[in-house]
Amino acid sequence: MTQKNADKTKMLFKIYKDLTSIYTLTEIGQEALDLCRENEKNCHHITMLIDIILDKFKRVLNDLESYTKNSI
């Protein structure tokens, strides 16, 4: 495998890991939000967590966009 292919594989694996972690965080956030609402609690802290997750998702999408633009 050439260094260029190894670098591409490494970048794709990093993006995959980031997307997997975002998915997991989203599931946890949704469960926390559901529990918070069921218990009629203030859910502001959960919505802040969701904003952080969305920021991470946007960063990963930007990384993917850059990667695909540079790969073509």
Side-chain angles (χ1 to χ4, degrees):
M1 181 182 289
T2 66
Q3 183 61 38
K4 187 175 180 180
N5 285 341
D7 290 344
K8 285 182 179 183
T9 300
K10 184 185 258 187
M11 182 62 175
L12 284 174
F13 186 68
K14 179 190 176 309
I15 291 170
Y16 170 79
K17 282 178 33 179
D18 286 344
L19 289 173
T20 300
S21 72
I22 291 167
Y23 177 80
T24 301
L25 289 170
T26 302
E27 283 187 320
I28 292 167
Q30 184 61 53
E31 286 186 35
L33 190 58
D34 290 346
L35 286 171
C36 190
R37 287 182 179 158
E38 284 175 14
N39 293 309
E40 298 177 359
K41 301 287 183 181
N42 180 341
C43 301
H44 180 71
H45 59 290
I46 305 295
T47 57
M48 288 176 46
L49 175 63
I50 292 169
D51 287 342
I52 293 168
I53 295 167
L54 289 173
D55 287 343
K56 181 175 181 175
F57 185 61
K58 181 64 176 162
R59 283 193 309 271
V60 173
L61 286 179
N62 288 338
D63 289 347
L64 182 58
E65 180 181 30
S66 294
Y67 172 77
T68 56
K69 282 182 179 178
N70 292 331
S71 293
I72 296 175

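Scanning all heavy atoms of the two residues, the minimum distance from Ile22 to Phe57 falls at CD1-CA, 3.4 Å.
Put simply, NZ on Lys58 and CG on Asp63 are 11.0 Å apart, with the number rounded to the nearest 0.5 Å. Put simply, OG1 on Thr68 and CD1 on Ile15 are 8.0 Å apart, with the number rounded to the nearest 0.5 Å. To the nearest 0.5 angstrom, Met48 atom CE is 12.0 Å from Ile53 atom CD1. Glu65 CD to Asn70 CG: the interatomic distance, rounded to the nearest 0.5 Å, is 10.0 Å. Tyr23 OH to Ile28 CD1: the interatomic distance, rounded to the nearest 0.5 Å, is 11.0 Å.
Residues Met11 and Tyr16 are members of separate hydrophobic clusters, defined by side-chain heavy-atom contacts under 4.5 angstrom among Ile, Leu, Val, Met, Phe, Trp and Tyr.
The hydrophobic cluster around Leu33 extends to Ile46, Ile50, Leu54, counting ILVMFWY residues whose side-chain heavy atoms fall within less than 4.5 Å of a member.
For Glu27, the salt bridge (Lys or Arg N to Asp or Glu O under 4.0 Å) test picks out no residue, with sequence neighbours left out.
Side-chain contact check for Arg59 versus Asp18: every heavy-atom pair is 4.5 Å or farther apart. Under the 4.5 Å side-chain criterion, counting only non-hydrogen atoms from C-beta, Gln3 is in contact with Asp7.
Screening residues 33-57 for side chain to side chain donor-acceptor pair (under 3.5 Å), with sequence neighbours left out, gives Ser21-Lys56, Gln30-Asp34.
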